[in-house]
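In the text below, chain A, chain B and the rest are named by the order of the sequence lines, each starting its count at 1.
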There are 2 protein chains.
Amino acid sequence: MAVAEGAGSQVKSAVRTVELLEFFAGRPGMHSLAAVQESVGYPKSSLYMLLRTLVELGWIETDATGTRYGIGVRALLVGTSYIDGDEVVAAARPTLDRLSDDTSETIHLARLDGTSVVYLATRQSQHYLRPFTRVGRRLPAHSTSLGKALLATYTDEQVRKLLPETLEPLTEHTHTDREKLIEELAQIREQGFAVDREENTLGLRCFGIAVPYRTPARDAVSCSVPVARLTPAHEQMIKDALFDARDRLLLATRRL
Amino acid sequence: MAVAEGAGSQVKSAVRTVELLEFFAGRPGMHSLAAVQESVGYPKSSLYMLLRTLVELGWIETDATGTRYGIGVRALLVGTSYIDGDEVVAAARPTLDRLSDDTSETIHLARLDGTSVVYLATRQSQHYLRPFTRVGRRLPAHSTSLGKALLATYTDEQVRKLLPETLEPLTEHTHTDREKLIEELAQIREQGFAVDREENTLGLRCFGIAVPYRTPARDAVSCSVPVARLTPAHEQMIKDALFDARDRLLLATRRL
DNA sequence: GGGCTTCGTTCTATATACTGAACGGCGTCT
DNA sequence: AGACGCCGTTCAGTATATAGAACGAAGCCC
């Protein structure tokens, strides 16, 4: 899960601390010491001390017996603060509201982190049929319109370095070949936006556009529509609204 | 900020790691090494290694120069996973939706953590005039209806152990005397719900009720209303809806 | 019911992370 | 321009966290 960078001397306990937190985040629910040990591979005794420390600090919680561990409340505050402190998210707020009003569909603002995109802000569609989303959620870049729009601002060579040759499929429509994806990126650069045709979630088509306030781009906005509700006219309207939103966001972030 | 529990040997780097994360969470924006050092008090060189490690892992980010630090994207995922994995939050979803529909006001589900309450879920009022809220936000227990409803499920003696003698005022209406608060808690036990009369935010009155699926209670729901919109009839309707929501939540969480 | 496995916890030598001082680069003040 | 002060970075001795094994307590099988 976590990419261990091949860098020089790191503080071992710090690495383990965040790896542990990421482990618990990735597997909600309570886990025994042995189960955690199995997954992370640290010696039992070392793990034991670490867990005890984190429990005392409230970052990990135990059940009543004290032998099963899960993520703690303290972790919650830190995560959300990333959003609070981000100038781009703050500057994007009115644009996202506007985009949500214009399209009446679910809107996402996301950031590329490694090979994933992370949702930074969402505007939920008020329709009964709507995609499930949550700020902080991570999705593979190669299967989302957001990710593809962002990858298209990288050179082909950079993309080859970033992504593995074969990509993990999420639905039957996911493109799993990196070179095929790179061909698609060229097309995305031409038309200015990316489309996800049920590559990430069956029944959902997404339109994504990068916000190039820096190069390569870091953030993108998207609009997700259930295919059941999509008409050519609606699609055109969404694309227009996205281009408009992109321009507004560029303006709002030009000083960042 | 972080309450250093007086327990036995802890893993120093782990403690510092989460303390650092909490520092960055508490002060959004970028900070120089010296500024961080000033705040947390660790030796410069120790801090330097820790920061470098966390930057490599993506939990802390640097600006272009590499000398100013801020919270990183990686922290975001872990925080939100606490919500995702929580059975109470999951079970409460339909009840919160219903409460939001019934009252048309802002709804909160929160959990007591030390002397603070932490928002676990919110339903925003669709009115133009609405309180600012965010999941993960922490507020003092003594100044909120949520916190007071929860504290009322503790004994007076437990409350005395938990809270300091004088409480920090947030507005001119905040009760700052612990013994006065304890008197109010007795009244809350009688009537079954708590009220915050602009003690936390000027112009905002909140009604809170504990969900006693365990004793003492851990979670509470509240409804926040701008005083400008509050009439006796509206207030009665809100209280009824809260009692109803409490009963539903008890039912939904009886197996947890 | 006894022995066996499994799991959490404690113990102690050893590897290693921490610290305080020294270094070097940069901006600034006179 | 020169010197000072500030800040990030490196270095080496020492305090300390780590890891493997031993311990103790449940639960399980026969």
Do A:Val73 and B:Tyr82 come close enough that some side-chain heavy atom pair is under 4.5 Å? yes

When you check the phosphate oxygens OP1 and OP2 of C:dC18, does a side-chain N or O of B:Ser13 lie under 4.0 Å from one of them? yes

Rounded distance (Å) that lies between atom P of D:dT10 and atom CZ of B:Arg52: 6 Å

If you compare every side-chain N and O of A:Lys12 against the phosphate oxygens of D:dT16 (OP1, OP2), does one of them come in below 4.0 Å? no

Using the closest heavy atom to pick a nucleotide of DNA chain D for each, name whichever of B:Tyr69 or A:Ser45 lands nearer the 5' end. B:Tyr69

Rounded to whole angstroms, how far apart are CD on B:Glu38 and C1' on D:dC7? 13 Å

In whole Å, what is the span from the CZ atom of A:Arg68 to the P atom of D:dA26? 17 Å

Using whole Å, report how far NE2 of B:His31 lies from C1' of D:dC7. 17 Å

A:Leu50 CG to C:dG8 P, in whole Å, measures 16 Å

Starting from P on D:dA15, measure out to CE on B:Met49 and report it in whole angstrom. 20 Å

Protein-nucleotide distance (B:Tyr42, atom OH; D:dG8, atom C1'), rounded to Å: 19 Å

Kindly say if B:Tyr48 contacts the phosphate of D:dT9, meaning a side-chain N or O under 4.0 Å from OP1 or OP2. yes

Charged N to carboxylate O below 4.0 Å: is that the case for A:Arg160 and A:Glu179? yes

D:dA19 phosphate, OP1 or OP2: any side-chain N/O from A:Ser46 under 4.0 angstrom? yes

Does the distance from a Lys or Arg side-chain N to an Asp or Glu carboxylate O, for B:Arg189 and B:Asp156, drop under 4.0 Å? yes

Please confirm whether any donor atom in the side chain of A:Lys44 sits under 3.5 Å from an acceptor in the base of D:dG20, or the reverse. no

Phosphate OP1/OP2 of D:dA19: any A:Arg16 side-chain N/O under 4.0 Å: yes

Answer yes when A:Arg137 and B:Asp84 have at least one side-chain N-carboxylate O distance shorter than 4.0 Å, and no when they do not. no

Return yes if the base of C:dG8 and the side-chain atoms of A:Thr67 contain a donor-acceptor N/O pair under 3.5 Å, otherwise no. no

For the pair A:Glu19 and A:Arg16, find out whether any cationic side-chain nitrogen is under 4.0 Å from an anionic carboxylate oxygen. no

Measure CG/A:Leu54 against P/D:dA17 and give the value in whole Å, please. 14 Å

